[in-house]
Chemist: 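Supplied in structure tokens, the structure appears directly below.
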Amino acid sequence: MTKIKVVILSSWYDPYRIPLFRELSKQFDLTVFYSMRTEVGREWHVPEDLPFQAKFFEPFFLWKTKQMFEELLLIRYPKGLLRELFRIKPDVIVGLEARIDCIVGAIWARLKGRGYITWSDLTVYFDMRMGSIRRSNRRMMLALSH
């Protein structure tokens, strides 16, 4: 019996998610796509031998914008994301939050007739301070989700 191919779109490596991904890889043919290796304030050491398939992309800078908490937000696209989706042909894509790579993944899943799951850990406080563009992105992501 072949396992269902699942791709998780994650922003950067987080060591606290490794136990979850390890367990998921026992049930599914799991690949985690990381949009970048590290983020400011999250420079954890990435081990060479992760217990699942992982792909780290080089981010391509698109534009700067102001985040809702008065911080500068850089919008980046992971180079090669579409090429890897076409190569792996996942049955299900799981997008963490509503970033540009997740929007691309959701559209790809819809066009290919595959499942898309939105995974978000936003709080009510975060939601109520969200700008109109982010709120629209999130609504679109939820509409594309299964």
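The basis for the numbers below is simple: all heavy atoms, side chains too, and nothing from hydrogens, waters or symmetry mates. Counting from 1, the numbers follow the sequence of the chain as shown.
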Chemist: Any donor-acceptor pair under 3.5 Å linking the side chain of Lys5 with the backbone of Lys89?
Modeler: no
Chemist: Passes side chain to side chain contact (heavy atoms under 4.5 Å, CB included), Trp108 versus Phe86? Steps please.
Modeler: CA-CA 9 Å; Trp108 186 92; Phe86 278 106; 3.6 Å; yes
Chemist: Among Val7, Asp101, Ile93, which residue satisfies the side chain to side chain contact (heavy atoms under 4.5 Å, CB included) criterion with Phe33?
Modeler: Val7
Chemist: Does atom CD1 (Ile4) have a neighbourhood of more than 12 heavy atoms from anything else shown, all under 6.0 Å?
Modeler: no
Chemist: Is there a side-chain contact between Pro90 and Leu85 in this structure, where contact means two heavy atoms from C-beta onward sitting under 4.5 Å apart?
Modeler: yes
Chemist: When rounded to the nearest 0.5 angstrom, what distance separates OG in Ser10 from CD in Glu97?
Modeler: 9.5 Å
Chemist: What are the two closest heavy atoms between Ser35 and Arg99, and how far apart are they?
Modeler: OG-NH2, 3.7 Å
Chemist: As an exercise, state the distance from OH of Tyr34 to CG of Leu96, rounded to the nearest 0.5 Å.
Modeler: 10.0 Å
Chemist: Write down the atom of Ala109, the atom of Gly115, and the distance for their closest heavy-atom approach.
Modeler: CB-O, 3.9 Å
Chemist: Measure the CG-CD1 distance between Leu9 and Ile117 for me, rounded to the nearest 0.5 Å.
Modeler: 11.5 Å
Chemist: Over all heavy atoms of both residues, which pair between Lys3 and Phe28 is shortest? Give the atoms and the distance, please.
Modeler: CD-C, 3.7 Å
Chemist: Rounded at 0.5 Å granularity, tell me how far NZ in Lys55 sits from CG in Leu81.
Modeler: 10.5 Å
Chemist: Relative to each other, are the rings of Phe21 and Phe52 parallel, tilted or perpendicular (30° and 60° limits)?
Modeler: perpendicular
Chemist: Roughly how far, to the nearest 0.5 Å, is the CZ atom of Arg110 from the NE2 atom of His146?
Modeler: 5.0 Å
Chemist: Can you check side chain to side chain contact (heavy atoms under 4.5 Å, CB included) on Tyr13 and Ile18, steps first, answer last?
Modeler: CA-CA 9 Å; Tyr13 172 78; Ile18 299 305; 3.6 Å; yes
Chemist: With Tyr116, which residues qualify under ring-ring contact (aromatic ring centres under 6.0 Å, His included), at least two apart?
Modeler: none
Chemist: Can you tell me how far the CG atom of Asp29 sits from the CD atom of Gln53, to the nearest 0.5 Å?
Modeler: 5.5 Å
Chemist: For a quick test of reading the model, state the closest non-hydrogen atom pair linking Leu20 to Trp119 and the distance between them.
Modeler: CD2-CH2, 3.9 Å
